[in-house]
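Working notes for the structure below.
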Amino acid sequence: MVADGVERRSFAEELAVEAGQVALSYREQGDMEVRSKGVLDWVTEADLATERLIRRRISKSFPHDKVLGEEEGYLGSQADEGRSTWVVDPIDGTTCFVSGLPSWCVSIACVDETGHAFLGVVHNPPGAETFSALDGHGFTVNGHKTLIPNRGLTDGLVGVGHPRGAPDEPTLSFLARLFAAGGLFYNSGSAALSLAYVAAGRLVGFYESDLRAWDALAGEVLVRESGGWSTDFVHDGSLTTTKPVLAANRGSTAALQDVFGGSSARS
Ligand code: IPD
Ligand code: CA
Ligand code: CA
């Protein structure tokens, strides 16, 4: 982990809140421009303005770092060694954002020069909640450490997202096995927020078959630091490929891995 992790965590928490205010201000204006990138794939003025703000703040405070954001891609050469990379989704859950649902967030992660994601912050403006974690420093909600309940697969809901444009089979197969194991699903419409809810013990797990680094990384750090288990998005050293993401509360880990193992084996 980079030496100034604590400083980066405070920076990312403040930045996520500021970015969330920018996004909210567009929502409250009510007449923002919305463009479709594909079926249920929106980009709004708010996504673009929020990512621009995040990039400006990072460039000013950490000028030697790289930034990978959903809307504008890489800042800094991917070949540059020895620099941390900020991975940013300015609004995760844009369909909810556009629809007036409260389930969206700003997601900010930081990856060190070895490719290890060590910092994750997810901020949900409508709920005024900031979920934050730094390697070895635990998980907090609005700055407070919380006791995470140890819940089994059938004690709560499993977040399941379905990526637009990806094959249906892995999701359908996972759901069939989840139902067979007695589990039920919940789709928040935001992968990053669902992972934060796993970390906070509100969901017992999360699965989506095909996610991007900016959807998954911050949430994976949150889950790990809360004592849960998650896949490691950068296990193959790549921040740019899409991958399945699975995460679970401690008490559900074995059961959910079993559900996932069976469904991925069949897909
Ligand atoms: C999406 C959300 C959604 C998930 C999609 C993502 P976006 O991100 O996380 O929950 O199912 O796969 O692409 O487009 O709202 O940033
Ligand atoms: Ca996203
Ligand atoms: Ca987004």
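Numbering of ligands and ligand atoms starts at 1, following listing order.
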- Query: Under 3.0 Å from the Ca ion (ligand 2), which protein atoms of type N, O or S occur, listed by chain and number?
  - Reply: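 Atoms qualifying: Asp89 OD2, Asp92 OD1, Asp215 OD1.
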
Donor-acceptor pairs under 3.5 angstrom involving side-chain atoms of residues 198-206: please list them, not counting sequence neighbours.
residue: Arg202; atom: NH1; partner: Glu129; partner atom: OE1; Å: 3.0
residue: Arg202; atom: NH2; partner: Glu129; partner atom: OE2; Å: 2.8

- Query: Is the cationic atom of Arg8 (NZ for Lys, CZ for Arg) positioned less than 6.0 Å from the six-membered ring centroid of Phe62 and within 45 degrees of its normal?
  - Reply: yes

- Item | Aromatic Phe233 / basic Lys243 pairing, under 6.0 angstrom, 45° off normal | yes

Polar atom proximity, [X] to ligand 1 (N or O, under 3.5 Å):
{"X": "Asp92", "value": "yes"}
{"X": "Thr94", "value": "yes"}
{"X": "Glu208", "value": "yes"}
{"X": "Ala191", "value": "yes"}
{"X": "Gly93", "value": "yes"}

- Partner residues of Trp214 under the ring-ring contact (aromatic ring centres under 6.0 Å, His included) criterion, sequence neighbours left out: none

- Message: Taking 4.0 Å as the limit for heavy-atom contacts, which would you say applies to Leu211 with ligand 1: side chain only, backbone only, both, or neither?
- Response: side chain

- Item | Residue portion contacting ligand 1 (non-hydrogen atoms closer than 4.0 Å) for Asp215 | side chain

- Atoms of ligand 1 close to Ile91 [distance to a heavy atom under 4.0 angstrom, numbered from 1]: 16 (O)

- Message: Between Arg212 and Asp89, does any NZ, NE, NH1 or NH2 come within less than 4.0 Å of an OD or OE carboxylate oxygen?
- Response: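 Judged by the 4.0 Å cut-off on N to carboxylate O distance, Asp89 and Arg212 do not form a salt bridge.
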
- Message: With side chain to side chain donor-acceptor pair (under 3.5 Å) as the rule and sequence neighbours excluded, what pairs involving residues 188-199 come up?
- Response: Asp92-Ser190, Ser188-Ser194

- Query: Does any non-hydrogen side-chain atom of Pro126 lie less than 4.5 Å from one of Asn124?
  - Reply: yes

